[in-house]
> 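What follows is a structure written as structure tokens; I'll ask about it next.
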Number of protein chains: 2
Amino acid sequence: MAIHRSPSDPCPLAGAGGRNHLVAKLGAAADLSDEDKNAVVDICSQVREIAARHDIISEGVRPDHVHIMVEGWAARYKMVDDGSRQITAFLLPGDFCDLHVTILGDMDHGIVALTPAKVAFVPHQVMQDLPLGRPELLRALWWATLVDEAVLRSWIVNIGRRKSSERVAHLFCELQARLKLVGLVSGDHFDLPLTQEIIADAVGLTPVHVNRTLQKLRELGLIVLRGGALTILDIDGLRDFAGFDPNYLHRGRLARKH
Amino acid sequence: MAIHRSPSDPCPLAGAGGRNHLVAKLGAAADLSDEDKNAVVDICSQVREIAARHDIISEGVRPDHVHIMVEGWAARYKMVDDGSRQITAFLLPGDFCDLHVTILGDMDHGIVALTPAKVAFVPHQVMQDLPLGRPELLRALWWATLVDEAVLRSWIVNIGRRKSSERVAHLFCELQARLKLVGLVSGDHFDLPLTQEIIADAVGLTPVHVNRTLQKLRELGLIVLRGGALTILDIDGLRDFAGFDPNYLHRGRLARKH
DNA sequence: CGTTCCCTTGACACCGATCAACTCTGGTGG
DNA sequence: CCACCAGAGTTGATCGGTGTCAAGGGAACG
């Protein structure tokens, strides 16, 4: 079931037969019809490639399209006055970058590609019309938005009240759960193309301290992190250590209602 | 324009002639018709009072109504394993407590009244029907949801990358801007019914350190905090000190489009 | 007039930041 | 094939901000 895809695998354009992670995610939450799924695949037809370290969308601009991650990793971030950076979300294949900008106008933060990325560009009007006459798909899109919000809350808790090693452990637990949902976890390991500096910017620490924190997690026998891939040796132990409760991701919540 | 209302003022039931803060908020963002506004006022007709320190909604329950703050303050919070608490949002008059629960199911966090509060109870079905045939109101509700999300991101930045006194200052700037939007700021001061412990739980510090932090802000001549009310002596100075950019609140964004 | 929160203050411990140097790795070009 | 280089990871020494613990003060309230 879980399909491992390294960044170097050839990936057909979304909609041309390749696995569509957005469909996988929405389909896990709601009971989508084939017509619903095809409609989702269709809007992902126009894909652009973005080089690593390049902004997909910059702060202050008003994008004329909605962007959807098709392949690769990206991060929402905000620069602070003193020059430091805070990442507020990791964007994985199947995630929306800026569903909100249709309503809110200018971006109040930037989105940067962390790896070479493929991003689908969807015209606003197409995105607005998508859920019309498709109530279950509408619910699924709402679900995705609200889970994103729940993830933001969990980050606040993580950064505000947990110690350094717990923070990093909690982040790994979240990423494992989210990647699993879109089929990007293979057994107990998955690609984790994040430098220690990126992790630091996500959990509110410095790169040096993230390094020491990772050593601790390794010494505890919880993880192996090497070559851009993370192996979780003891998922229960890691979750326990981090105080991770997957409930906030609301997996399968919608499905259970039907 | 700005109306100061202390918690002890008599407040008529929403819809019975009193100022409706939700209408004020949504009306500031979108161009609502009188019919739109009346519809919003109508759904706030059933109000219940909650005592301070009592949960309005507890973690794990599935509320059978949508809750809207009518009067008083509340906080979203999550308890952490070690017994500490993290507040992830302050809920002010006009804010939705749990618009998401219709879709997501169980609450993944609790909401507690920080003062004696009045909360409107709206049946799910009534809430779902509200925006039907009222496109501008639908946009306004989306706007409110997305601004809440933007506030969550700004909290992550605040807690993750700012020093203690900047964090508290930034929180004060946010509350000032949000309260002003619903007409609860009078000149340069407003009610701030928060103990130092509550502030600490919101910005990821300890009560003792919040105390020292407040002293610093006072010494800098930026604020006066006394008797449950905050006076901002130098709003530009405070915003500068905190690195506060009100842009993320997207005030009047929708209105400007029309 | 006592009780109960809440605020305040001081001494001290410790976690994580900072600064600086060194290592390791992978990629590039001679 | 090797030399070089840039980026990332690692380590050590030290600093400083925030947490912790404990005691005292003050205001609201019954």
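Just so it is clear: chains get the letters A, B, ... in the order the sequence lines come, proteins before strands, and each one is counted from 1. Below, all heavy atoms of this structure are taken into account, side chains as well, without hydrogens, waters or symmetry copies.
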> Under 4.0 angstrom, heavy atoms only, what part of the nucleic acid is B:Gly204 near: base, sugar-phosphate, or nothing?
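Touches sugar-phosphate only.
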> Establish, yes or no, whether the cationic atom of B:Arg48 lies under 6.0 Å from the six-membered ring centre of B:Phe121 and within 45° of the ring axis.
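The answer is yes; both the distance and angle limits are met.
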> Under a 4.0 Å N-O cut-off, is there an ion pair linking A:Arg161 with B:Asp201?
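A salt bridge links A:Arg161 with B:Asp201.
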> Could you tell me the separation between the CG atom of A:Asn211 and the C1' atom of C:dT25, rounded to a whole number of Å?
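Atom-to-atom, A:Asn211 to C:dT25, this comes out as 15 Å.
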> Rounded to the nearest Å, what distance is computed from the CZ atom of residue A:Arg53 to the C1' atom of nucleotide D:dA6?
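Atom CZ in A:Arg53 sits about 10 Å away from atom C1' in D:dA6.
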> Which nucleotide wins on minimum distance to the side chain of B:Val208, given the candidates C:dT18, D:dA22, D:dG19?
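Of the candidates, D:dA22 comes closest.
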> Rounded to the nearest angstrom, tell me the gap between atom CD in B:Glu166 and atom P in D:dG17.
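About 12 Å, once rounded to whole Å.
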> For the pair A:Arg76 (side chain) and A:Cys97 (backbone), establish whether a donor and an acceptor sit closer than 3.5 Å, ignoring hydrogens and angles.
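Here the side-chain-to-backbone pair exists.
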> Should B:Gln196 be listed as having a side-chain N or O under 4.0 Å from OP1 or OP2 of C:dC5?
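False: B:Gln196 side-chain N/O out of range (4.0 Å or more) of C:dC5 OP1/OP2.
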> Let me know the distance between CZ of A:Arg226 and P of D:dT10, rounded to the nearest Å.
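Spelled out: CZ on A:Arg226 to P on D:dT10 is 12 Å.
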> Taking CD1 from A:Ile159 and P from C:dG16, how many angstroms apart are they, rounded to a whole number?
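Interatomic distance, CD1 of A:Ile159 to P of C:dG16: 13 Å.
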> Would you say A:Ser164 reaches C:dG16's phosphate, i.e. side-chain N/O to OP1/OP2 under 4.0 Å?
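It does, given that an N or O in the side chain of A:Ser164 lies less than 4.0 Å from OP1 or OP2 of C:dG16.
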> Using only side-chain N and O atoms of A:Gln215, determine if any of them is under 4.0 Å from OP1 or OP2 of D:dT11.
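Yes.
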> In this structure, how many angstroms lie between the P atom of C:dC12 and the NE2 atom of B:His209, rounded?
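B:His209 atom NE2 is separated from C:dC12 atom P by 19 Å.
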> How do A:Lys163 and A:Leu194 order along DNA chain D: which one's closest nucleotide is nearer the 5' end?
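Mapping each residue to its closest nucleotide by heavy atoms, the 5'-most match is A:Leu194.
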> To the nearest 0.5 Å, what is the distance between CG on B:Leu205 and OG on B:Ser164?
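These two atoms lie 6.0 Å from each other.
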> Does A:Arg178 come within less than 4.0 Å of A:Asp95, counting only side-chain N to carboxylate O?
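A salt bridge links A:Arg178 with A:Asp95.
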> Distance check needed: D:dT14 C1' versus A:Arg212 CZ, whole Å only.
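Rounding to the nearest Å, CZ of A:Arg212 and C1' of D:dT14 are 11 Å apart.
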> Rounding to an integer number of Å, can you tell me how far A:Leu214 CG sits from D:dG9 C1'?
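Computing the A:Leu214:CG to D:dG9:C1' distance gives 10 Å.
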> Taking only the side-chain nitrogens and oxygens of A:Arg218, find out if one of them lies under 4.0 Å from OP1 or OP2 of D:dG9.
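A:Arg218 to D:dG9 OP1/OP2: no side-chain N or O under 4.0 Å.
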